[in-house]
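The block underneath contains the structure these notes are about, expressed in structure tokens.
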Amino acid sequence: MNFYEKENISLYLDNLKLLESMVTLKQKIKIYRHDTLGLVLVINGEIQHIENYQCMYHEQLVHLPISFCDCPQTALVLGGGSLFAAYELLKYPSIQAITLCDHDYTVLKLMEHYYNHAKTVLADKRFHFVENDGVEFLDSDKTHYDVIVNDCFNLLKESNTYGYSFFKKMNDMLTDKGVCSDIIYRHIFDGTITHDSIQEIKKCSNIALSLVTVPEYPGILHIQTIWGKNKNIAQTCKSTLNSFQKKCLETNNLPFEFYSPQNLPYYLYLPPYIKAML
């Protein structure tokens with residue numbers, strides 16, 4: 001069995017074995033196994049993650065923004081039913097509470113069946129799940145968070161649809177030391193979405209950018225946006241400000257497979273051809 005997304009730039013996977021196929025009240029879910037790349041989660045015809053690629057995405061999605069925060073205590077994950085982002089957040093001893101809002105609990109239960117990391121997350125008392133539409137949740141939630149991770153929306157599209165800035169809405173939900181993290185929905189070669197998203201963020205907060213390789217997403221190369229009220233957010237930051245990451249470096253005991261806080265300037269470097277697009 002093969003699979004590829006119906007995009008002009010997408011990853012082609014062959015020799016897939018179908019493990020699960022189900023239709024919930026909200027979406028169509030399939031899980032495949034690839035001999036080389038491991039499990040593949042597909043929802044509504046779009047690849048959500050590939051097991052052996054996922055750390056390249058989720059570790060940078062979480063740990064790069066936290067590099068700007070000394071001691072984050074609360075976090076919100078929008079989407080992220082695969083629980084990889086929540087798992088990375090729970091590595092921080094300072095984190096006291098994580099809220100994850102996703103519209104379909106079935107995905108979490110499937111992840112629990114196939115992945116040990118999901119079992120760990122669901123068993124952690126700091127983790128709290130809310131089954132709800134993301135827009136409704138943002139409209140009703142009055143909590144302020146140190147970290148907000150968007151693993152759900154095309155924020156620019158939703159802003160245009162609802163007539164108000166989702167970037168500003170999320171920024172307003174942060175504490176004074178808080179950060180938001182989002183990997184722009186479309187690839188860098190779809191320049192309009194990337195450019196317009198960045199301009200919207202600049203209207204309301206500080207911003208830093210990173211070039212991210214996401215092999216399983218159409219276009220492969222994407223921009224991560226980090227923004228918020230945190231005054232430490234800067235493209236020129238040279239070293240991590242997070243206490244846990246500093247301790248990991250001092251003890252040479254990094255709990256990450258891909259991300260290294262020692263190389264912060266590498267993640268924040270933007271090649272000239274990227275700057276020209278922005």
Side-chain angles (χ1 to χ4, degrees), residues 1-7 9-62 76-91 98-137 149-154 182-183 185-187 212-220 222 257-258:
M1 181 179 295
N2 61 60
F3 178 84
Y4 62 95
E5 292 189 32
K6 307 304 186 287
E7 297 277 351
I9 309 173
S10 65
L11 186 69
Y12 177 87
L13 297 173
D14 205 355
N15 298 320
L16 292 169
K17 178 182 178 182
L18 182 64
L19 302 180
E20 296 275 359
S21 180
M22 64 175 61
V23 179
T24 72
L25 294 174
K26 299 171 182 176
Q27 54 195 1
K28 298 177 181 179
I29 305 170
K30 292 186 178 182
I31 296 181
Y32 300 93
R33 183 179 299 280
H34 188 275
D35 287 343
T36 304
L37 298 176
L39 298 178
V40 180
L41 174 65
V42 176
I43 296 179
N44 295 334
E46 293 185 359
I47 296 176
Q48 303 301 305
H49 76 257
I50 295 176
E51 183 176 6
N52 290 345
Y53 284 152
Q54 71 79 25
C55 65
M56 298 169 65
Y57 174 90
H58 290 99
E59 288 194 4
Q60 186 160 334
L61 180 69
V62 170
L76 169 65
V77 180
L78 297 167
S82 66
L83 298 176
F84 285 112
Y87 180 73
E88 297 303 325
L89 285 162
L90 287 169
K91 291 179 179 179
I98 296 174
T99 298
L100 186 145
C101 176
D102 192 280
H103 75 300
D104 194 348
Y105 185 61
T106 306
V107 177
L108 280 70
K109 296 305 293 181
L110 276 175
M111 292 300 98
E112 184 181 30
H113 178 72
Y114 283 99
Y115 283 108
N116 287 330
H117 84 274
K119 295 181 178 67
T120 299
V121 171
L122 293 173
D124 197 303
K125 294 181 179 179
R126 295 174 292 170
F127 177 79
H128 175 61
F129 174 70
V130 176
E131 186 172 31
N132 197 359
D133 173 77
V135 176
E136 292 181 4
F137 178 83
V149 175
N150 176 44
D151 202 10
C152 174
F153 297 121
N154 176 344
D182 173 51
I183 293 180
Y185 183 74
R186 300 297 297 179
H187 54 79
V212 186
T213 301
V214 191
E216 63 264 54
Y217 285 7
I220 300 175
H222 295 253
E257 296 181 52
F258 174 77

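Side chains are part of it too, since the values below use all heavy atoms of this structure and drop only hydrogens, waters and symmetry mates.
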Worked verdict on L90 versus V121 for side-chain contact (heavy atoms from CB on, under 4.5 Å)
CA-CA 8 Å; L90 287 169; V121 171; 4.0 Å; yes
Can you list everything that forms a side chain to side chain donor-acceptor pair (under 3.5 Å) with [X]? Sequence neighbours excluded, please.
X    : result
T24  : D104
D102 : none
Y57  : D151

Heavy-atom count around F258 CZ within 6.0 Å, excluding the residue itself: above 12?
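Count over threshold, so yes.
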Heavy-atom neighbours of K6 NZ exceed 12 at 6.0 Å
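Count over threshold, so yes.
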Could you grab the distance from atom [atom1] of [X] to atom [atom2] of [Y], nearest 0.5 Å is fine?
X    : Y   : atom1 : atom2 : result
I50  : H34 : CD1   : NE2   : 8.0 Å
I9   : L11 : CD1   : CG    : 12.5 Å
M111 : L41 : CE    : CG    : 4.5 Å
Q48  : I31 : CD    : CD1   : 11.0 Å
L16  : L37 : CG    : CG    : 9.0 Å
I47  : L13 : CD1   : CG    : 5.0 Å

What pair of heavy atoms forms the shortest contact from [X] to [Y], and how long is it?
X    : Y    : answer
C101 : G134 : SG-CA, 4.2 Å
T213 : M56  : O-CE, 3.9 Å
V77  : G80  : CG1-CA, 4.3 Å

Just to verify, what does [X] make a salt bridge (charged side-chain N to carboxylate O under 4.0 Å, His left out) with, not counting sequence neighbours?
X    : result
D124 : R126
E112 : K109
E88  : K91

Derivation of the side-chain contact (heavy atoms from CB on, under 4.5 Å) call for F153 and V135:
CA-CA 9 Å; F153 297 121; V135 176; 3.9 Å; yes
Give me each pair satisfying salt bridge (Lys or Arg N to Asp or Glu O under 4.0 Å) with a member in residues 14-36, each pair once, sequence neighbours excluded.
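Output for this query lists K26-E131.
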Report the C-alpha separation of I183 and Y217 in whole Å, then their side-chain angles, then the decisive distance to 0.1 Å, and conclude whether the side-chain contact (heavy atoms from CB on, under 4.5 Å) test is met.
CA-CA 11 Å; I183 293 180; Y217 285 7; 5.7 Å; no
By ring-ring contact (aromatic ring centres under 6.0 Å, His included), which residues pair with Y185, not counting sequence neighbours?
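With sequence neighbours excluded, Y185 shows a ring-ring contact (aromatic ring centres under 6.0 Å, His included) to no residue whatsoever.
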For F84, check side chain to side chain contact (heavy atoms under 4.5 Å, CB included) against everything at least two apart and list the hits.
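In terms of side chain to side chain contact (heavy atoms under 4.5 Å, CB included), with neighbours along the sequence ignored, F84 is linked to H49, Q54, H58, S82, Y115, H117.
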Residues forming a side chain to side chain contact (heavy atoms under 4.5 Å, CB included) with E7, sequence neighbours excluded
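In terms of side chain to side chain contact (heavy atoms under 4.5 Å, CB included), with neighbours along the sequence ignored, E7 is linked to E5, S10, R186, P218.
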Got a sec, which pairs hit ring pair (Phe, Tyr, Trp, His ring centres under 6.0 Å) with one end in residues 118-137, sequence neighbours left out?
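Those involving residues 118-137 are Y105-F129.
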Worked check of side-chain contact (heavy atoms from CB on, under 4.5 Å) between L100 and L83:
CA-CA 9 Å; L100 186 145; L83 298 176; 3.9 Å; yes
